[in-house]
Structures are given as C-alpha cells and as structure tokens.
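Remarks on the structure that follows.
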Amino acid sequence: MEEKYYPQTVEEKWQRIWEDNKSFRAVTDRSREKYYVLEMFPYPSGRIHMGHVRNYSIGDVVARYKRMRGFNVIHPMGWDAFGLPAENAAIERNIHPEAWTRENILYMKTQLKRMGLSYDWDREVATCEPDYYRWNQWIFLKFYERGLAYKKSSFVNWCPSCLTVLANEQVIEGACWRCDTEVAQKELEQWFFRITEYADELLNDLDKLNGWPDKVLTMQRNWIGKSIGAEIEFPIEGRQDSLRIFTTRQDTVYGVTFMSLAVEHPLALELSRDTAQEPAVRAFIERIKKVSTARRGEETGEKEGVFTGSYCRNPFTGERAPIYLANFVLMEYGTGAVMAVPAHDQRDFEFAKKYGLPICLVIQPEDRPLSAEDLTEAYVDDGVMVNSGPFTGLKNAEGKEKVAAYLEEKDWGKKDIRYRLRDWGVSRQRYWGTPIPIIYCDRCGIVAVPEKDLPVLLPRDVPFTGKGGSPLAESRDFVVTTCPKCGGAARRETDTMDTFVDSSWYFLRYTAPKFDSKPFDPKEAAYWMPVDQYIGGVEHAVLHLLYARFFTKALRDLGLTNVDEPFSNLLTQGMVSKETYRCEEHDWLFPNELAGSEAEGWRCPKCGRPAIKGRVEKMSKSKKNIVDPEELIAQYGADTARLFTLFAAPPEKDLEWNAQGVEGAFRFLTRLWRFVMQNSEPLAKAGKVPDDLASDLRDLNRLVHRTIKKVTEDIESRFHFNTAIAAVMELLNAVMAAAQKEAPDGRIAVVKDALITIVTLLYPFVPHAASELWEGLGQKQPLNEVRWPSFSTEALEQEKLLIVVQIDGKVRGKITVAADATGEAIERLAIEDPKVKAFLAGKRIQKIIQVPRRLVSIVLEK
RNA sequence: GCCCGGAUGGUGGAAUUGGUAGACACACGGGACUUAAAAUCCCGAGGCCCCGGAAGGGGCCGUGCCGGUUCGAGUCCGGCUCCGGGCACCA
C-alpha cells in the first residue's frame, strides 16, 4: 500500500479486480431475495456529464449497500441509443448515425467504468441493436392485434420548410427549432398507442405507488386529468342531428345562453351554410386554424368568436341558444363543443360580455345574494340551484347527480368521464429509430409484417439532408416490398417509432437480455421484477414514467409479466448547477473552468469589462458553466467525485457545484488514508480489544455502534447520504483524537476496530479507497463480499445521560445523571443544580415535566 | 390562474416522533511547522449586550413575515410574503 493516496492507481487496481472476478454479475437464484436497482439509462450523446455522475453515484451506493445486506442485486446499464442528435450529427458532420452512436457508446462506457460503478455489464443493452428493436416491432404487432396500436388522421405540428412533423418540444415560440419557419397545423395519418384505454388504471394505481414522490404522483394525476360529468345532446334547429357536448357542470344547464364550437368541429362551417354568417364564419375558421392549438389566444387570452347563424334547443328549458364558434374551444377534448353558461364559467362570461349575450344566474352562493347584472366575473363556486325547474333549491353538488340521472332517464344524454390524456402518437418522420413493421398493399390495405419476418431492419443507405419527410422513403430497397398476404407489390411504412417506445420496457429486457423468442423471458422477469429502486431526473416525471407504466400493464395483459407497476420506489434526483459568469452590460457569458479558477481575467470582448458572477443555473453548454467529470476524475479520482456529489446535498435536492467542496472531499479521503498509513505498524500488531477499557475508549466504542446505526438508517430509510457521510467523518475525528492519547491499554485495538468499521461504512460511497484501506488493515476477504456491520443495542447503552433542565421553556442548566437514575432522583438533581437554583430563588414551582433521557421542564407559578 | 415544493449562520447543509437550533463540511480568522510558500496539524466562531485585569462567566435576541396552540415550536394550526418547479382556455 502506497504511503501517499494516489487515487488513479488504487482505482485502476480495483476496477480490474472487479472486472476480472465479475464481482457484480447478477445470477438468478430463487433461494435468495432479489433487489433490482436501476438508474435511467443514458442517451449516448458523447460524454458523461455531472448529472450522470450524480445519478449513477446514488444508484451505486444503493447497489453496493444492498449487496452487503445479502440481497441478490441486479444493477444493469444500457443505452437509449436511438434519437435525433445522431441524425443531426449525420446532417452536420456527415457521419452515419450508427457510427456516431457506437463511438459514443464505447467512449461513455469507458467513462462509466472509470467511475467504478458496480454494473453487471453482461446485461448491457443498446436500443439501436436489431436484437433489441425487433422486440419493439414485436410489441407493436401485438398491440396492433389487440387494437392498442392504430392509425388515424390527426393534427400535428408541421414545418413547411423542412417538410416534417415536429414534436411539441421542437416548436420554439411557434416556429421550427431548426429553420425558424412558422409552424403550421397539418392533418396527417399517424400511428397511435391507445394509452387512454389504461387511463383509469394508470390513475388508480398511482395510489399503490407509496415509494414515489408526491410531486410526481400529482404531476401524473394532472396529466391524466380525469373529469366526471355528462354528455348532453342539444337538438339543432332545422336539422335532424343534434349537438353533443361534454360538461362537468350539468348542474348549470338551466343557465345555458349560447353554445360554442371549436373551429375544427365538423359542423363548424356547415351550420353557417346559406346564412348571412357564412363568409364571416369561413374567414374566422381560416384565421384561427393557422394558429397552432398551443398558441391560440396565448398573448392576450382574448376570447373571440363568430355566430354561425344556427340555433339549438336546450332540452331542459326548451329555450333556443345561438351557436357560436369560439377560439378557446378545443377539438381534442370532449366533443369539441361546449354549452356556454356565462354566469358560472369565466371564459363564457368574458365571451358573453364581448358579444352582448345574456347572462343567466342559476347558482346562488349561500352567504350573499348575487344578481346577473352585478356580476363582474363568473361565479364558479358551490351554492344552491335557482331558476332550475325541478332542481331549484338543491345544493349544486347534489344537483349534479340528479341532473345526470334525469337526462339519462329522458334519453337526452348520459353520464360520462373524460380524460385529458390523449393517445400516444408514435410515428416519427425520422431515420434513427425503430422501423414500424407495417406494409401497405393496394389490394389488402394495411398489413402487419408477419412475426417470422422480424426484425424489419433499418437500412443503412439513406441520404441525410435534413430536408424532406421520412428519410426511409428515400431508400427504394427498403420501401419496395411484397405483400405478405397476397404477394403483390407493396410498400413499407417509412416512419419510425418515437424513441420513448424503446425506453418503455428496457428494464424488462435487462432481466433476460439475450432471450430470443420474446422481448424478455417471463420466468426471469417474474424473479427480478419489479424494479425495487428507480433513480433518475424529475424531467421524466410524466412522459417516460407514464409510458413505462402503460407498457408494463399492456405487457401484463399479453401474459408476459404479472406485475402491475414497474417501479416500486422512485427517487428523483435534483439537478447539478453552478454559478455563471457574465458581462454586466452585454449578454456575454464567460466560460469558467474546474477548481474554481473563477472567471477572473476574462474580459468582455465588446466592452472590456471584467466578468462578474451571474445566477446559479443548471449546468449547460449554453450557459458555459459545465464541469467535465472526466477532468474531475483525472484530477481527484472517481471516489472523490462520488463522495463530493453525495455529500454536498441530499439526492432529491439541487446540487450546487463547489470546487472547494471537491477539495474537502478529497482531503477527507487523504486524511483517512494517511492516518491508516502512518499507523500501519501498530495497527498490524493490534491484538484483541480488552474487556475493561478506559472511559474514553468505551465512549469511542459506543460511537462506533452509534455510527453504524445512523449510517444504516440514513441509507435504508431516507437515502440521506450526506448525513451518513457526515457521521463517518465524525467517527474519524473521534478516532484520531483517541489515538493521540498515549497509553498501552489496548487503545490501538479499539482504534483498529473503529477504522475497520469506518472503511466498511464508506465502501458504498468510495469503493476503491475503501477496498484498498481494508486490505491495508490486514483484512483478507474482499470488502465487496463482506457483510454490512451490525450494531448492538447493548453497546449503545450509555452509562451517563446528559439531561437538559428548562425553566418556563428556557434552558437554564444541564445535569449529568446515571443512566438508571429514577425520575425522582433526576428531579432532585435538577432542582439542586446551582444554576437552576439561582433561577428558582423566591419562586414557587407549579409543576415539573420530565421527558425520559432528555429533559426536565420546570414550570413556575405566575 | 391552478397544483406541488421550498425559505435555517458568510456558504452547502444538520436537527428522523414537538424537547440543548446550527451536526458535518466549505469559506474565514488566529496559532504551530517552514528561510518562505504550499501542504499538514491545533484553536476560534450565529447576532447583540453585560461582568471580569485575564482565563472565564452571564443575559437577551435569533430558523422568511404576522398571529395561535403548548411547560416547550425550525418542527403543529391559521393568515401572508418571496423563491423554484409543473400544468395552463380541459368545458
């Protein structure tokens, strides 16, 4: 063992040992209890960043800790390898996406290995491999068979310059992210997954997820957005059909004064045909349709509309209501038509005011009278129904039920539940993704690729221009095929799947990564699933985590797994941030490097002003506040990088980068190292811990056990690694203080004992240094095979207790009592304490409250 | 607008069920070692005030703000302020 702490040497050594011994291979063993710990797999963008370091350090602590607790741990890693950046690299730098991706995977894998993460690399998967994506296709076909995958026409964001569909995330302020052209709405045929079929289960099962943060549960609840209400039919004057609307406020149906339709509503134009309103309606539809749904009325919130010239009849009142088109009504939600109750809906109120439509009050608050004329805004709260025919006088909550029942009885409509959640559009006009296994035949129509023909391989010979729609359409060899049904000429679907499909089931693939007759082996999944601890960024709170839950349920219904929920516990780690440096005057950002070398010396190229400290922001290239983990590891080693990120903040909080903090972490490891080294000879000779110890050594021994308890609880129940590490630091401080005293009384044996504990407790956090020190302390069995230490309640027993004495709630004294002192004895000691006595002089005690082992509280008479 | 978080020293953060607020660390100040520096080690430290020559001792205030419950509140309750995040015309 080296005198000095050279992390690089130590880390290389142990990484090789672990690799050679396949120390972290997970082997199915039904006699043992499994533990599945998983971090969200990375996109192979090129290099790992500090967010990865944090994510994987957290996961590795859990994995190593659980192994020491005797669990059969599976801790896999892989690559979310399909995606747009690879295609952009192809367009910009003329590298094939596949080559670019493979290079990145190789590089990042060596980076991850250098962090000493305890992965079972034998289970590695990359979603861009045919062995993986063929199962995306297989699942797609199963979904298609069951009606869970279907094709429909829908409105999408369309860039008229790039001639491609854009995801919502790729629309920046209404314009294309690549060419800045204004994005239009276009109706396209797209493949969808019917996630809405699972809406109710996805919502209800959130209650089972006790190990998830409330924040994420709430976000998913809101995203699914269940609304309970009714569908009502309003007959249209002069026509056979009627207008179907959805409402959650059927209790206000007597207050309807008009109707509103989305411009996309099938009847929008038709209702104005041959009326004076037709030109106005036509113009309005055209104008509003141009604006993407997301942006309508964004700036002003201004309600706009136009009268269609038609009326419908309220079945409850028999009154006629004019039908309007309105810019705020969405075609995607409900039926694209709403009943307007201006008195009790703010949007309808504003609309009615603008167009001079009547306002009819049908809910009265119970504490004050309202009249329609006095309203300055809609009254949306609960109250009593008025002007509501047979329902007048009911509380509106009760009215909701009664009105719904009544309209079913009269056959005017039905009770209904709607969700905000939409079906998942999975078609992408991109190259670097899974080809959708569908063939179009002029005679047979849409034909699924037969299972035996999978995988549909992604062709390599495709030009990357960045223009035009699906790149796959450019590959003749790919497109031209024969129909599996009739053998006639046919063409392949040229869209690929959303990459979120890949990540929706990868955790199942890890359980049997080489299995070749199904996406995964149900027997293996039955043992390893569900994931016991999932760790990743909160940015996936809705999308990925919702899709993965949906897939798990759908695959369960295909008989492949018996779990309802994939992730029992979820930890969403905070982001890694760092201060930025900027020019005060111009919007100029300065780069600032590792080790806090401040951005001093940088001057603004526009005005020459020196850099000043800006806001603390999430690390990003554009903010120029990146710290490259590779440099960090090269300088301090992986253990320091891990220790710093784990110590600086609890995992769920944001972590602010602090170069001095890194130094501090490194210093702690060096201090421990040096202490063990400098005392190697006496430590080697240390004998057994003698039975009778000096009092300070008994204290040290007690602290050892207290630390084991604290670290165990901090890891186990809260993932509060920062306090766990702090406790170990405290123990080291105490050990070093105890070792300073000279005495041949078995001191060194106690010190050695404590050091062994320290090193064991540190192993999950800093595995390389801990393993080396463990060896240095003469321990033979490899540390990664050692059991987690246990504490004895007996050793925790204190001989003396410090009791705080309060008078009227203020601390006035502290007394030390024997651990077995009686309440009366403690009370007597408290009152006799000189300081306390001084405060009691001339006062009378009203009562005394004792908290066992903690405090005595004396209350004086007033 | 709605829904979630959060606010504690110069800084990151501790205080797990209401019981000594500020653990641990960073930064800082002082000292030791050194020709010197770095490194290392030791000591100090929430604020204000008082007693004492000093070592030391003591008091009051203090966890975003206002109020409440309690012998006792960072922690519980009511009402705000500010910050962060998510959703946002969802009928």
Side-chain angles (χ1 to χ4, degrees), chain A residues 213-223 225-227 229 245-250 252 260 262 293-294 296-298 301-303 326-330 332-341 344-348 350-351 418-422 538-539 541-542 574-575 596 644 647-650 652-665 667-668 670-671 674 710 713-714 717-718 720 722-733 736 740 802-814 835 838 846-860:
Chain A
D214 287 343
K215 184 185 174 182
V216 175
L217 296 176
T218 310
M219 281 168 76
Q220 292 217 356
R221 251 177 223 120
N222 292 342
W223 188 266
K226 185 178 186 175
S227 296
I245 63 100
F246 174 72
T247 182
T248 56
R249 291 301 303 273
Q250 61 271 18
T252 64
S260 312
T293 328
R296 278 179 201 169
E298 196 176 68
E302 181 79 22
K303 307 287 176 284
N327 64 342
F328 60 87
V329 180
L330 305 170
E332 310 91 85
Y333 188 76
T335 61
V338 296
M339 64 179 210
V341 186
H344 306 294
D345 181 283
Q346 187 57 26
R347 291 157 300 181
D348 297 342
E350 286 169 32
F351 196 88
R418 297 276 174 163
Y419 297 91
R420 211 192 71 115
L421 183 71
R422 312 281 151 77
V538 74
E539 64 272 19
V542 174
M575 64 191 190
F644 165 72
F647 179 62
E652 70 278 7
K653 275 199 154 194
D654 286 350
L655 169 74
E656 194 187 328
W657 173 261
N658 177 351
Q660 281 89 22
V662 178
E663 287 278 356
R667 212 148 50 207
F668 167 71
T670 310
R671 212 154 70 94
R674 206 170 35 229
K710 165 96 178 137
E713 286 170 358
D714 279 353
S717 64
R718 310 192 301 160
H720 277 201
N722 56 332
T723 50
I725 293 165
V728 179
M729 287 174 167
E730 270 182 88
L731 180 57
L732 179 63
N733 290 343
M736 289 175 76
Q740 276 187 347
L802 183 72
I803 304 279
V804 169
V805 185
Q806 292 186 347
I807 297 172
D808 286 337
K810 295 199 168 179
V811 178
R812 295 302 185 192
K814 290 161 196 177
K835 275 197 202 160
Q846 192 195 335
K847 62 174 168 175
I848 296 180
I849 298 155
Q850 276 206 41
V851 179
R853 305 172 69 84
R854 275 186 184 276
L855 98 169
V856 177
S857 184
I858 301 168
V859 186
L860 298 178

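Heavy-atom basis, side chains included; hydrogens, waters and symmetry copies ignored. Reminder, nothing fancy here: chain letters follow the sequence lines and each chain counts from 1. Predicted, not measured: the structure shown is a model, and the values here were computed from it.
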**Request:** Measure from CG on A:N722 to P on B:rA15 and round the result to the nearest Å.
**Result:** 8 Å

**Complete:** Taken to the nearest whole Å, CH2/A:W223 to C1'/B:rA88 is 11 Å

Side-chain N or O of [X] less than 4.0 angstrom from OP1 or OP2 on [N]?
| X | N | answer |
| --- | --- | --- |
| A:R249 | B:rC90 | no |
| A:R718 | B:rA15 | yes |
| A:S227 | B:rA91 | yes |
| A:N658 | B:rG13 | no |
| A:R667 | B:rA27 | yes |

What is the nucleic acid contact for [X], judged by heavy atoms within less than 4.0 Å: base, sugar-phosphate only, or nothing?
| X | answer |
| --- | --- |
| A:P650 | sugar-phosphate |
| A:V804 | base |
| A:F647 | base |
| A:R418 | nothing |
| A:D345 | nothing |
| A:G664 | sugar-phosphate |

All N/O contacts under 3.5 Å from nucleotides 69-76 of chain B to the protein, with atom names and distances to one decimal?
{"from": "B:rC71", "atom 1": "OP1", "to": "A:K847", "atom 2": "NZ", "distance (Å)": "3.4"}
{"from": "B:rC71", "atom 1": "O2", "to": "A:S857", "atom 2": "OG", "distance (Å)": "2.6"}

**Prompt:** Of all the nucleotides listed (B:rC26, B:rC41, B:rA23), which has the minimum atom distance to the side chain of A:R674?
**Reply:** B:rC41

**Prompt:** Should stems be defined as at least three consecutive Watson-Crick or G-U pairs with both distances under 3.5 angstrom, which of them involve RNA chain B?
**Reply:** B:1-7 with B:81-87, B:10-12 with B:24-26, B:28-32 with B:40-44, B:46-51 with B:56-61, B:64-68 with B:76-80

**Prompt:** Is any N or O donor-acceptor pair between the side chain of A:R422 and the base of B:rC90 shorter than 3.5 Å?
**Reply:** yes

